[in-house]
Amino acid sequence: MAELLVRDITRSFPTRAEPLSVLSGCSLTLSAGQNVAIVGPSGSGKSTLLYIIGTLDRPTSGAVTIDGQNPFTLDEPGLARFRNARIGFVFQDHYLLPQCSVLENALMPALASGGVTPAEEARAKELLGRVGLSARLDHRPAEISGGERQRVALARALLLKPTLVLADEPTGNLDRTTATAVGDLLLSLQAEEQTMLIVVTHSQSLASRCQRQFELDSGRLVER
């Protein structure tokens, strides 16, 4: 069974005086089909923790294990392959390529891994259908709404059936009605796919709908 183990993660940054400690021993365990929300004030280190779990940053100390593997033991090309195959990302800004269609944007993880197979194209179309975008496959990002662009980002994150999905303020740029709809899709797709999901959010509404809620307080994760 898929599992995420985060053990005693610390992260500090050098300054002219003494190191600035942002994370001070964060631990978390997740299994397939589970989701958690992480809340806390701006600057508390939520995104830093998420980027470490997603292997976009390295901890000062501690360990992250995904499906029994410590990704930080891999060389950079191996780490990039691991990240692309095992982890899906949804950011506050959708980061769609403006020159590419909705379908092409959803297929980016497959393109990054060497090329698109017919099965991957079929899955992209199926995922885009599940988020209500079957009629938008050939549209460019500028031709669809902000909520629709974030739905493309959801489909892209799930394309390769990742073990773990990480969402950093996924509804932060959306109005309340659209944010609720995108939150619904994020949680329903995660349940259907039985991935693990970590959501960093300022939205108490979204956080309350997750199975567990944590607050990042003085560099530590505290379950609410």
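In what follows, residues are counted from 1 in the order of the sequence shown. It should be emphasised that the depicted structure is a prediction, and the values quoted were computed from it without experimental measurement.
A distance of 7.5 Å separates CG of Leu56 from OH of Tyr51, quoted to the nearest 0.5 Å. Note that the CZ atom of Arg176 and the OG atom of Ser203 stand 9.5 Å from one another [nearest 0.5 Å]. Residue Met196 holds its CE atom at 9.0 Å from CG of Leu166, rounded to the nearest 0.5 Å. With rounding to the nearest 0.5 angstrom, the CG atom of Leu174 is 10.0 Å from the OG1 atom of Thr180. Taking OG1 of Thr55 as the start and CG of Leu74 as the end, the distance is 9.0 Å to the nearest 0.5 Å. Atom CG of residue Leu187 and atom CG of residue Leu206 lie 6.0 Å apart, to the nearest 0.5 angstrom.
Side-chain atoms of Thr29 and Val6, non-hydrogen and from C-beta on, never get closer than 4.5 Å to each other. By the 4.5 Å heavy-atom criterion applied to side chains, Cys210 and Val36 are not counted as neighbours. In this structure, Arg212 and Arg224 have side chains that are not in contact, with every pair of non-hydrogen atoms separated by 4.5 Å or more. Side-chain contact check for Val39 versus Leu216: every heavy-atom pair is 4.5 Å or farther apart. Side-chain contact check for Arg140 versus Ser101: some heavy-atom pair is nearer than 4.5 Å. Counting heavy atoms from C-beta outward, Phe82 and Ile66 have side chains that approach closer than 4.5 Å. A heavy-atom distance below 4.5 Å is not found between the side chains of Asp138 and Leu103. Between Ile53 and Ile198 the shortest side-chain heavy-atom distance falls below 4.5 Å.
Under the 4.5 Å side-chain heavy-atom criterion for ILVMFWY residues, a single connected hydrophobic cluster contains both Leu97 and Leu158. Under the 4.5 Å side-chain contact rule for hydrophobic residues, Phe214 and Leu4 share a cluster. Taken together through direct or relayed side-chain contacts under 4.5 Å among Ile, Leu, Val, Met, Phe, Trp and Tyr, Leu154 and Leu111 form part of one hydrophobic cluster. Hydrophobic clustering of Ile, Leu, Val, Met, Phe, Trp and Tyr side chains at less than 4.5 Å, counting indirect connections, unites Val22 with Val64. Linking Ile, Leu, Val, Met, Phe, Trp and Tyr whenever their side-chain heavy atoms come within less than 4.5 Å puts Leu137 and Val131 in one cluster.
Side-chain N or O atoms of Gln150 include none that pairs as donor or acceptor with a backbone N or O of Gly147 at under 3.5 Å. A donor-acceptor contact shorter than 3.5 Å is absent between the side chain of Asp8 and the backbone of Gly62. Judged by distance alone, with hydrogens and angles left aside, the side-chain atoms of Glu169 form no donor-acceptor pair with the main-chain N or O of Phe91 at under 3.5 Å. Looking only at distances, a side-chain donor or acceptor of Gln213 sits under 3.5 Å from a matching main-chain atom of Ala207. Side-chain atoms of Asn35 come within 3.5 Å of backbone atoms of Gln211 as a donor-acceptor pair (strictly under, hydrogens ignored). With hydrogens and angles disregarded, a donor-acceptor distance shorter than 3.5 Å links the side chain of Asp175 to the backbone of Thr177.
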Worksheet item: Where do Leu79 and Arg58 land on the side-chain contact (heavy atoms from CB on, under 4.5 Å) test, with the steps shown first?
Response: CA-CA 11 Å; Leu79 182 59; Arg58 291 177 179 268; 3.8 Å; yes

Worksheet item: Going through the distances and angles, do Cys100 and Met108 end up as a side-chain contact (heavy atoms from CB on, under 4.5 Å)?
Response: CA-CA 10 Å; Cys100 294; Met108 281 300 154; 3.7 Å; yes

Worksheet item: So Arg86 and Leu164, side-chain contact (heavy atoms from CB on, under 4.5 Å) or not? Walk me through it.
Response: CA-CA 6 Å; Arg86 303 289 185 90; Leu164 174 65; over 6 Å; no

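Between Ser134 and Gly129, the closest heavy-atom pair is OG-CA, 3.1 Å. When every heavy atom of Lys46 is checked against every heavy atom of Ile38, the shortest pair comes out as CD-O, 3.9 Å. Shown here for Phe72 and Ile52, the closest heavy-atom pair between the two residues is CZ-O, 3.4 Å. Of all heavy-atom pairs between Arg151 and Leu133, the closest is CB-CD1, 3.9 Å. Minimum interatomic distance between Val200 and Pro170 (heavy atoms only, all atoms of both residues): O-CD, 3.8 Å. Residues Arg220 and Ser24 share a closest heavy-atom pair of CZ-O, 3.0 Å.
Between Glu192 and Lys161, no side-chain nitrogen of the basic residue sits less than 4.0 Å from a carboxylate oxygen of the acidic one, so the salt-bridge criterion is not met. Remark: Glu193 engages Arg123 in a salt bridge, criterion side-chain N to carboxylate O under 4.0 Å. Contact check on Glu143 versus Arg136 returns no salt bridge, with no Lys/Arg side-chain nitrogen under 4.0 Å from an Asp/Glu carboxylate oxygen.
More than 12 heavy-atom neighbours from other residues, nucleotides or ligands sit within 6.0 angstrom of CD on Gln99.
Note that Arg11 lies in the cation-pi zone of Phe13, set by a 6.0 Å cut-off to the ring centre and a 45° limit from the axis.
Paired with Arg156 under the rule side-chain contact (heavy atoms from CB on, under 4.5 Å), one option of Leu128, Leu96, Leu107, Val90 passes, and it is Leu96.
Scanning for salt bridge (charged side-chain N to carboxylate O under 4.0 Å, His left out) contacts around Glu121 gives Lys125, with sequence neighbours left out.
Under the 3.5 Å distance criterion, with hydrogens and angles disregarded, no donor-acceptor pair is assigned to the side chains of Thr65 and Asn70. A donor and an acceptor atom, one from each side chain of Thr10 and Thr60, are nowhere located under 3.5 Å apart.
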